[in-house]
Every structure is written in C-alpha cells, then in structure tokens.
Amino acid sequence: MQGSNKRIDYLDVMRSVLMMLGIVLHTAHLYNPSQVWLIYAPENHPFFNYLIKAIATFRMPAFLVVSGFFCAMFVIRYGNAHFLRSRLKRILLPLLVCAISLNVLQAVLLHHFGWITGDVSSYLLSGGWVQHLWFLLDLFIFVVLLSLAYSMAPLRRLGQRLNTVAVKWLPLPLFITLLPLYGLLLVTLNRLGLPMYHSWLGITDLYEVLSNLPFFVFGLMLYHNPGWLQQFSKLNLVYGMLALLLLYGLNYLVQQGSGLIWQTLTLYTALFIRWICVALCFSLFNLAVTRSHQYWRFLSEASYSVYLFHHVIVIGFGLLLINAGLPPLLGFCLIVGTTLAITLAIHKYLIAPNKILRLLFNGK
C-alpha cells in the first residue's frame, strides 16, 4: 500500500537524520562554555550549550521510538530467531569493531595531545572504549529483552493484552500525559535504595537503561497500533510548538520552587517536554518526506557509517583547530560540513563497495 510505504519512508529518513545529528551535537560540545566534553576550544559561545540541550531533548528518544517500531516489524515478519541473529550482526558486531578500532585510535589521539593524562589502556578499560556507542549498548539490551519476551508465550500474550487494554481505554493524548509518571517512579525507586546510578563497568547504569526503555516500548506499540502512529505523526506543528513553549515556561516556573512537590513538577514537565518533542519530530518528518527518493535512500544507507566514523573525525579536526583562534560559529560550521562530507565519502567509496567492511561496520 502506498500509505504504508510512505510511513516507512519517513520513519527511515528520520532515523537516518537523527543518527547524523551526532555530528552537530558533538561538534557543538567543542564550543560549549561548560567545557564538559573530551576536548574543548578556548573560544566558545552560550548558543552551543542551548543547541546541545535542544538536540538532546528529542534526538535519542525519537531514535529509540523508531527503533522499537522497526524491531516490532522485523520480529513479526521474520520470526524471533532470524530477528535476534540479524540484530546481533547489525548492532553488536559494528559496536565491537568500532570500539576496538576507531575508539582506540581516538583514545591514542587524545593521549598524544594531552587530553588523557593517564594510561590509554586504563582509560579504555574504565569505559573509554564506549563513548558515542552507548546507545548501541542500550539498543542491544532492548533487542535481547524483546527477543526473550517474544520467545515466551505467557509474556508475549501479556504484552499483547496490555497493549490492547491501553489502546482501548486510553486515548493517545492521555497516554502521553501519563508516560512521564514512569520517570517519577524511577526516581522514587532510587530514593528507596535501588542502586539506579551504579555504573556497570563504566559504560552504563540501570537508570539510563530504564529511562530509555519506554521510548523503545512505545515504538513497539506504534507498530501494533497504526491508528496511534497516525495520530502521533500528525500533531499540528503550530499547536505543538505552542504547547512546547507553554511547557518550557511552566518548567521554568516550577524550578523556582523548593520542596518535593516542586521537584516532582519539574521532573514531570521536563519528561513531558521530551515526549512532545518526539511527537513534533515524527510530525515534521511525516510532513516533509512525501515520497521515496534516491537521496533519502543513500542517506539511510550511509547513516550508520556516518555515525560510527564521525566521532573520531570530529575529535581529529577539533585537535587541529582548537588553538587556531577561529570564531566559534565558523569553526563549528567548518567541522560539521567537513566531517559530514568525509563520512559520506567513507561510506560510498570504502564501506558500501567492500563486503568485509560493510559487514564489520554496517552489519550487512
């Protein structure tokens, strides 16, 4: 059906663009006045702090929703065994290859230029090998959980029943307003003593995994409920932006208060903002991507390579330009444009034509 193809097209394009936004995000860190990234330039501007916060609000949540949608589609169409094998190859293999090649090279560069003062091997073993690959670890955990749940008939039936109840009794807008309560539950569990922030080998923690899980699960629900997907992807952009501005204003106001109630409202509004941003992202791409195009397909195919390779390239250019005295905006645009061009070329001329590299870095 044409409508079905269009739905897949805009989701696929959105997933690709969200991955490539990593170039913008990590380059912005170079010029962030907070100076919290791996490297940072002496020239900075507050704009990049706001840019980082804006991208972080919607980028990974929207990506995980789309990932959940496509995982549901894959496991339904091809079965659990094929789904798990393909995701092992698609996610775990590129993650490990990138970690032991590109991220090791990155660590060596950082050490050589004095940004890592200790031993490189200790840095890598303490979690430095992960860096921008953290979301692949979370996604792999979700894939394993989905595969386990799908393989157990009682759990599969329970998931189907809960999904049916939610769709039958909760209109989508009401469901969205309830979702931030899950985040409040996680904070409550932490206060009750559950070690939510205990680091697992320096690479992730329970809070990170659990806080990202509802976005993936929501993607599963959207696949099983086309009506919800249509609603979620057709939010009026004007009304959505007005609601977002009101929520930001409310979030700012409640932050001024003190005490448990105000802290709860601050967290709730912050989480609600994330869900509205994800809906706006879906709606924007649904509106913008009206048909399949060869350029969209190329970006979709190249996005994985772009993401895996961009981090070390941004670091490399950052180390070269960090003391060049360039205005922050000029340096930012130069690194973003050059990194995008190089990573696209890497995919087109190195990864895509070579079966071995395509398997190692794209899992195909």
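- In plain terms, the two heavy atoms of Phe140 and Leu88 that are nearest each other are CE1-CD2, 3.3 Å.
- The ring pair (Phe, Tyr, Trp, His ring centres under 6.0 Å) search around Phe282 returns Phe232, not counting sequence neighbours.
- The closest donor-acceptor contact from the side chain of Asn212 to the backbone of Glu208 lies under 3.5 Å.
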- request: Given side-chain contact (heavy atoms from CB on, under 4.5 Å), test Ile276 with Phe58 step by step and report yes or no.
  value: CA-CA 9 Å; Ile276 295 297; Phe58 70 88; over 6 Å; no
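- A distance of 10.5 Å separates CZ of Phe285 from CG of Leu11, quoted to the nearest 0.5 Å.
- Summarising the geometry of Arg191 relative to Leu260, their closest heavy-atom pair is NH1-CD1, 3.1 Å, with the distance given to 0.1 Å.
- Rounded to the nearest 0.5 angstrom, Met196 CE and Leu186 CG are separated by 4.5 Å.
- Residues passing the side chain to side chain contact (heavy atoms under 4.5 Å, CB included) test with Ile100, sequence neighbours excluded: none.
- Side-chain contact between Asn362 and Pro94: absent, with no pair of heavy atoms (C-beta onward) separated by less than 4.5 Å.
- Residues that satisfy the side chain to side chain contact (heavy atoms under 4.5 Å, CB included) test with Leu319, not counting sequence neighbours, are Ile39, Leu109, Phe113, Trp115, Ile315.
- Taking both residues in full, the closest heavy atoms of Pro353 and Arg358 are given as C-NH1, 4.1 Å, listed atom of the first, atom of the second, then distance.
- Within the 3.5 Å criterion, the main-chain N or O of Gly363 finds no donor-acceptor partner in the side chain of Arg90.
- Gln255 and Asn251 share a side-chain donor-acceptor pair at under 3.5 Å.
- Judged purely by atom type and a 3.5 angstrom limit, Tyr31 has no side-chain atom pairing as donor or acceptor with the backbone of Phe47.
- Across every non-hydrogen atom of Leu146 and Cys71, the tightest pair is CD2-CB, 3.9 Å.
- Around CD1 of Ile356, the count of heavy atoms belonging to other residues, nucleotides or ligands within 6.0 Å does not exceed 12.
- Within the structure, side-chain hydrogen bond (donor to acceptor under 3.5 Å, both in side chains) pairs that include any residue of residues 325-340 do not occur (at least two apart or interchain).
- Between Tyr307 and His132, the angle of the ring planes lies from 30° to 60°, which puts this pair in the tilted group.
- When atom types are taken as modelled, the side chain of Ser16 and the backbone of Asp12 share a donor-acceptor pair closer than 3.5 angstrom.
- Remark: Ser86 pairs with Phe74 by the side chain to side chain contact (heavy atoms under 4.5 Å, CB included) rule, at least two apart or across chains.
- Screening residues 45-57 for side-chain hydrogen bond (donor to acceptor under 3.5 Å, both in side chains), with sequence neighbours left out, gives no hits.
- A distance-only check finds no donor-acceptor pair linking the side chain of Asn32 to the backbone of Gln35 [under 3.5 Å].
- Arg15 contributes no side-chain N or O that, together with a main-chain N or O of Ser67, makes up a donor-acceptor pair within less than 3.5 Å.
- Taking the ring centroids of Tyr123 and Trp129, they lie at or beyond the 6.0 Å cut-off.
- Remark: the backbone N or O of Trp296 is not paired with any side-chain donor or acceptor of Ser300 at under 3.5 angstrom.
- With hydrogens and angles disregarded, no donor-acceptor distance shorter than 3.5 Å links the side chain of Arg87 to the backbone of Val143.
- Between Tyr40 and His29, the closest heavy-atom pair is CB-O, 4.4 Å.
- Connectivity analysis of hydrophobic side chains (ILVMFWY, heavy atoms under 4.5 Å, direct or indirect) links Tyr295 to nothing; its cluster partners are none.
- Atom CG of Leu25 sits about 14.5 Å away from atom CE of Met20, to the nearest 0.5 Å.
- In this structure, the side chain of His82 does not engage the main chain of Tyr78 through any donor-acceptor pair within 3.5 Å.
- When hydrophobic residues (I, L, V, M, F, W, Y) are linked wherever their side-chain heavy atoms come within less than 4.5 Å, the members clustered with Leu155 are Met152.
- Pairs engaging residues 325-364 under the ring-ring contact (aromatic ring centres under 6.0 Å, His included) rule: Phe48-Phe332, Phe309-Phe361 [sequence neighbours left out].
- Side chain of Asn80 to main chain of Ser147: a donor-acceptor pair is present (N/O by atom type, distance under 3.5 Å, no hydrogens or angles).
- Partners of Leu136 according to the side chain to side chain contact (heavy atoms under 4.5 Å, CB included) rule, which considers only residues two or more places apart in sequence or in another chain, are Ile91, Leu95, Leu133, Tyr304, Leu308.
- Closest approach of Leu18 to Arg59, counting heavy atoms only: O-NE, 2.7 Å.
- In the hydrophobic clustering (ILVMFWY side chains linked at under 4.5 Å, chained through shared members), Leu250 is joined by Val254, Ile261, Trp262, Leu265.
- Within the structure, every pair that satisfies the side-chain hydrogen bond (donor to acceptor under 3.5 Å, both in side chains) test and touches residues 219-233, not counting sequence neighbours, is listed here: Tyr10-Ser233, Asn163-Asn225.
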